[in-house]
Amino acid sequence: MNLRRALRLDRPACVAIVGAGGKTSAMFRLARELPPPVIVTTTTHIGVWQTQEGDRWVQGLDAFAESGAVEHGVTIVTGREIKNERVNGLAADELDHLHALAKEKGWSLLIEADGSKGLPLKAPGETEPVIPAWAETVVVVAGLTGLGKPCNNAYIHRPEIFSELSGLPPNEPVGEEALVKVLLHPSGGLKGIPQNTRRVVLLNQANDPSLMAAASRMSEPLLGSYDVVMTGGLKNKIEEEILAAREPIAAVILAAGGSTRLGTPKSELLFHGKNFLENVIQCGFDAGLKPVVVVTNNAYSQSINQNQYPNIILLNNPIRQSGQSTSIRLGIQSLPQNIGGAVFLLCDQPQIPAQLVHNLVERHARMHAPVIAPRVGDKCANPILFDRCTFADLLALEGDTGGRSLFSKYPIETVPWSDGNILLDVDTFEDFDRLRKLE
């Protein structure tokens, strides 16, 4: 997955990049992946040697304006002052003018908004980062090669501030917990990010299995404050890429049916000591899905112990007789804007293991495929993960139509699963008898 796809940039982008551990490389990598023309600039300084990454370097906004329209490629726009082989950025009013011009012309604009002296980790100084209020996305970069290294000037830019924010004594090895604390601190990774700006963290330099595993462990606590947690292996080699882009994934549990074929509410049936719906809700929680949305009818809503599941979103579907599409629409409409996708779970499948759902989510993090389903032999099974790019089509469904009707429009990515018991759904007492044999 490339950086542009991981960031879901499907139109001219306005991105500020901060942090350490490959920030500048990531910025120029993104500049080459975006449709040209792309403007690259800085609110601080950039190395003169780094201007070679562009197709054109222009010093001064007036010179840029006089040079005519940007036709293609990557143009670097800086100030005129060069000191110690570093060139300064534009003044605030010049940057505002450049942003207005880029917006008018449909150019992408990338801004490097702080410095790091080429080290893998950093903590922001008093006057940084300098992120414009109009930035649409902010990417905070951290180099995982700093893990296990001592908290000092050899590996961390401003180690004394890093130590203060993380609680880590000077010269102690930097662990995952300390790095997460800094990235989540309002004076650390979150410093200076404008309100309502999309927040992304890139855990870069995950170039071996142990660092990839560390990034995976760090992702869950970071997702509470960042919209996307990316794991990258970006240096300068073109074949290296984003290894995973984790986003919040919701559970939408469809439980509004009338149990007409069974003849009795499924909320009265037990599996492993819990009613059907409680089993499915627990699966969503155990798989780390947030939020867990339950679209139900009155009979089922009364079976939920909300003291045990205080954070679920419980929705009653008053028009459930109009078909499954009404429950799907209700569930999708309740989701936060930063959701990357939703796993649809069925209340008549209480035997679905959380590990299967976790596997679907991990495949989504690595591919952002539109539709991801388990595969048992040659059969696609439930539950199914739908990426947010499909939400408009899900909202357009009518009648007793489910998400499988989109299979003809989108490519289906499948995750192999050897246990055929996930194919069972309980519509009759004969089905229930088969289910009980799994206890």
* Any donor-acceptor N/O pair, N204 side chain to G21 backbone, under 3.5 Å -> yes
* According to the interplanar angle, ranging from 0 to 90°, do the rings of F344 and F386 count as parallel (below 30°), tilted (30 to 60°) or perpendicular (above 60°)? -> perpendicular
* Structure fact -> Applied to residues 179-215, the ring-ring contact (aromatic ring centres under 6.0 Å, His included) test, sequence neighbours excluded, yields none
* Asked: So how far is it from I332 CD1 to S325 OG, rounded to the nearest 0.5 Å?
  -> 12.5 Å
* Hey, is CD on E172 packed in by over 12 heavy atoms from elsewhere, all under 6.0 Å? -> yes
* Closest approach of M1 to A365 (non-hydrogen atoms, all atoms of both residues) -> CE-O, 3.4 Å
* Asked: Side-chain contact, heavy-atom cut-off 4.5 Å: R246 with R366?
  -> yes
* Is it true that a side-chain atom of E247 and a backbone atom of G341 form a donor plus acceptor pair closer than 3.5 Å? -> no
* Structure fact -> Rounded to the nearest 0.5 angstrom, the CG-CG distance for L269 and N275 is 9.0 Å
* How far apart are the closest heavy atoms of T145 and P120, and which atoms are they? -> OG1-CB, 3.5 Å
* Structure fact -> Taken in chain and number order and not counting sequence neighbours, the residues that satisfy salt bridge (Lys or Arg N to Asp or Glu O under 4.0 Å) with E136 are R11
* Asked: Under a 4.5 Å cut-off applied to non-hydrogen side-chain atoms, are W134 and D96 in contact?
  -> yes
* Structure fact -> With sequence neighbours left out, the residues meeting side-chain contact (heavy atoms from CB on, under 4.5 Å) with L424 are Q351, D431, R434, L435
* Minimum heavy-atom separation for P318 to N316, with atom names? -> CD-O, 3.2 Å
* Is there a side-chain contact between I384 and R404 (heavy atoms, below 4.5 Å)? -> yes
* To do: Carefully, step by step, assess L165 and S187 under the rule side-chain contact (heavy atoms from CB on, under 4.5 Å).
  => CA-CA 8 Å; L165 299 182; S187 297; 4.0 Å; yes
* Asked: Hey, does V361 have a side-chain heavy atom less than 4.5 Å from the side chain of L289?
  -> yes
* Asked: Taking all non-hydrogen atoms of both residues, which atom of E33 and which atom of L3 are closest, and how far apart?
  -> OE1-N, 2.9 Å
* Between NZ on residue K117 and CZ on residue R158, distance to nearest 0.5 Å -> 7.5 Å
* To do: I would like to know whether V15 and L9 meet side-chain contact (heavy atoms from CB on, under 4.5 Å); could you show each step before the answer?
  => CA-CA 10 Å; V15 181; L9 299 177; 4.1 Å; yes
Give every donor-acceptor pair under 3.5 Å between a side-chain atom in residues 370-380 and any protein atom, sequence neighbours left out.
from	atom 1	to	atom 2	distance (Å)
R375	NE	G377	O	3.4
R375	NH1	T414	OG1	2.6

* Asked: When rounded to the nearest 0.5 angstrom, what is the spacing between OG in S405 and CD1 in I328?
  -> 7.5 Å
* **K149 vs V174, side-chain contact (heavy atoms from CB on, under 4.5 Å): CA-CA, chis, key distance, verdict** => CA-CA 6 Å; K149 303 298 193 302; V174 177; 5.7 Å; no
* L395 versus Q333: any side-chain heavy-atom pair under 4.5 Å? -> yes
* Can you tell me if E413 uses its side chain to pair, donor with acceptor, with the backbone of A369 under 3.5 Å? -> no
* More than 12 heavy atoms of other residues, nucleotides or ligands under 6.0 Å from CD of E160: is that the case? -> yes
* Without swapping roles, check the side chain of N279 against the backbone of F271 for a donor-acceptor pair under 3.5 Å. => yes
* Taking ring-ring contact (aromatic ring centres under 6.0 Å, His included) as the test, write out the residues that go with Y226, two or more places apart. => none
* Asked: Can you find a pair of side-chain heavy atoms, one from E112 and one from I17, that are under 4.5 Å apart?
  -> no
* Can you see which heavy atom on V252 is nearest to which on A342, and at what distance? => CG2-CB, 4.1 Å
* **Polar side-chain atom of S327 near backbone of L254 as donor-acceptor pair, under 3.5 Å** => no
* **Heavy-atom side-chain proximity of P37 to T75 below 4.5 angstrom** => no
* Considering non-hydrogen atoms only, spot the tightest contact between G331 and L335 and give its length. => O-CG, 3.4 Å
* To do: Evaluate the criterion side-chain contact (heavy atoms from CB on, under 4.5 Å) for residue pair N297 and N317; output intermediate values, then yes/no.
  => CA-CA 6 Å; N297 59 41; N317 182 3; over 6 Å; no
* Rounded distance (nearest 0.5 Å) linking atom CD of Q355 with atom CH2 of W417 -> 6.0 Å
* Asked: Ignoring hydrogens and geometry, is there a side-chain-to-backbone donor-acceptor pair from K105 to L101 under 3.5 Å?
  -> no
* Which of these passes side chain to side chain contact (heavy atoms under 4.5 Å, CB included) with L7: L202, V139, L34? -> V139
* Asked: In terms of side-chain geometry, is the basic nitrogen of D387 or R8 positioned less than 4.0 Å from the acidic oxygen of its partner?
  -> yes
* Whether over 12 other heavy atoms sit under 6.0 Å from E220 CD -> no
* Asked: Ignoring hydrogens and geometry, is there a side-chain-to-backbone donor-acceptor pair from K274 to P350 under 3.5 Å?
  -> no
* Can you sort out the partners of K191 under side-chain contact (heavy atoms from CB on, under 4.5 Å), two or more places apart, ordered by chain and number? => P124, P129
* Asked: Taking L168 as the fixed residue, which of P173, C151, P150 is the one that meets the side chain to side chain contact (heavy atoms under 4.5 Å, CB included) rule?
  -> C151
* To do: Check whether any side-chain heavy atom of F432 sits under 4.5 Å from a side-chain heavy atom of F276, and report yes or no.
  => yes
* Could you tell me whether the side chain of E53 and the main chain of Q50 form a donor-acceptor pair under 3.5 Å? => no
* Asked: Short question: side chain of K290, backbone of P248 - any donor-acceptor pair under 3.5 Å?
  -> no
* To do: State the NZ-CG distance between K103 and L109, to the nearest 0.5 angstrom.
  => 12.0 Å
* Asked: So, the side chain of R436 versus the backbone of L270: is there a donor-acceptor pair under 3.5 Å, distance only?
  -> no
